[in-house]
Amino acid sequence: MASFLTLHSFCLFSILFAVTVTATHCASKEKPMTHFRFYMHDDFTGYTGTKPTAIRVVTMPKLSINDTSPRTFGDVAVLNNLLTKGPSHESEHLGRAQGFSVRVADGGLVNALSLHLVFEHGTFAGSSIFIQGRIPLNEPIRESVLVGGTGQFRFARGYLISENYDYNLVTGGVVEVNVYVM
């Protein structure tokens, strides 16, 4: 009887060990990192000859009489920005960057960003990526978290690097966006 229990315990341990090793091995297989680049046209004034694609919907009063920044702590902007393959507004259209931004620092130079990158054309048509981030506008390179996605990006994770291509705080402009996704 004792040898039966020992054999039974050994078999049970072996099965649990095999399941644990298999699950760990499967979980440790990383999908390859995919990188792609596009350009976001953040247009506050209609400089491209069309209507604006980013609109301030809440404008807070200036906290100081000396504050000359076009952005203010507490401002909220809604975005429906064009995404293109190249930096020109006339470049191949890929989709839209849709979301909102809240100015979360004095002078309005830091945004809390919630953004859906919705792909309408090209390789990723019908898919989207969701981005969250703290965007310090005075930094040359900004990093955000890729939280997830839909379609080809379901269960995605990764990060996004953005940097100004041709941009100013008054009119907006073009932002280069590099996405790294698994």
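Sequence positions, counted from 1, serve as the residue numbers for this chain. Just so it is clear, the structure is predicted and the values come from calculations on it, not from any experiment.
- By the rule that hydrophobic residues join a cluster once side-chain heavy atoms approach within less than 4.5 Å of another member, V181 and F124 end up as members of one cluster.
- The line from CD of Q98 to CG of L83 is 9.0 Å long, rounded to the nearest 0.5 Å.
- Expressed to the nearest 0.5 Å, how far OH of Y165 lies from CE of M40 amounts to 15.0 Å.
- No hydrogens or angles considered: nothing links the side chains of T150 and S127 as a donor-acceptor pair under 3.5 Å.
- Residues that satisfy the side chain to side chain contact (heavy atoms under 4.5 Å, CB included) test with T84, not counting sequence neighbours, are Y39, H41, L82, S91, H93.
- Classification of the F119-F38 ring pair by plane angle, with boundaries at 30° and 60°, yields perpendicular.
- I161 CD1 to H35 NE2: the interatomic distance, rounded to the nearest 0.5 Å, is 9.0 Å.
- Looking at V76 and V57, their side chains come closer than 4.5 Å, going by heavy atoms from C-beta outward.
- Side chains of V175 and Y167 form a contact here, defined as non-hydrogen atoms less than 4.5 Å apart.
- T53 and N80 share no side-chain donor-acceptor pair at under 3.5 Å.
- To the nearest 0.5 angstrom, R103 atom CZ is 4.5 Å from N111 atom CG.
- L94 and V179 end up in the same hydrophobic cluster when Ile, Leu, Val, Met, Phe, Trp and Tyr side chains are linked at under 4.5 Å.
- Side-chain atoms of L117 and L160, non-hydrogen and from C-beta on, do get closer than 4.5 Å to each other.
- Taking 4.5 Å as the limit, every side-chain heavy atom of T72 sits out of range of all side-chain heavy atoms of T59.
- Put simply, CD1 on I55 and CG on L79 are 10.0 Å apart, with the number rounded to the nearest 0.5 Å.
- You'll find the side chain of I135 stays beyond 4.5 Å of the side chain of V110, heavy atoms only.
- Applying the salt bridge (Lys or Arg N to Asp or Glu O under 4.0 Å) test to every pair with at least one member in residues 112-130, sequence neighbours left out, gives no pairs at all.
- Linking Ile, Leu, Val, Met, Phe, Trp and Tyr whenever their side-chain heavy atoms come within less than 4.5 Å leaves V145 and V177 in two separate clusters.
- A distance of 11.0 Å separates CD of Q152 from OG of S128, quoted to the nearest 0.5 Å.
- Here the closest non-hydrogen pair linking V104 and A112 is CG1-CB, 3.8 Å.
- Looking at heavy atoms from C-beta onward, V102 lies out of side-chain contact with D75 at the 4.5 angstrom threshold.
- Using a cut-off of 4.0 Å between Lys/Arg side-chain N and Asp/Glu carboxylate O, R142 and E163 are scored as not salt-bridged.
- Between Y180 and Y159, the ring-plane angle classifies as parallel under the 30° and 60° cut-offs.
- The minimum heavy-atom distance between I131 and S144, with the atom names listed, is CG2-CB, 3.5 Å.
- Listed by chain and number, the residues in a side chain to side chain contact (heavy atoms under 4.5 Å, CB included) with S114 are F100, F130, Q132 (sequence neighbours excluded).
- Of all the heavy atoms in G74 and V58, the pair that sits closest is O-CG1, 4.0 Å.
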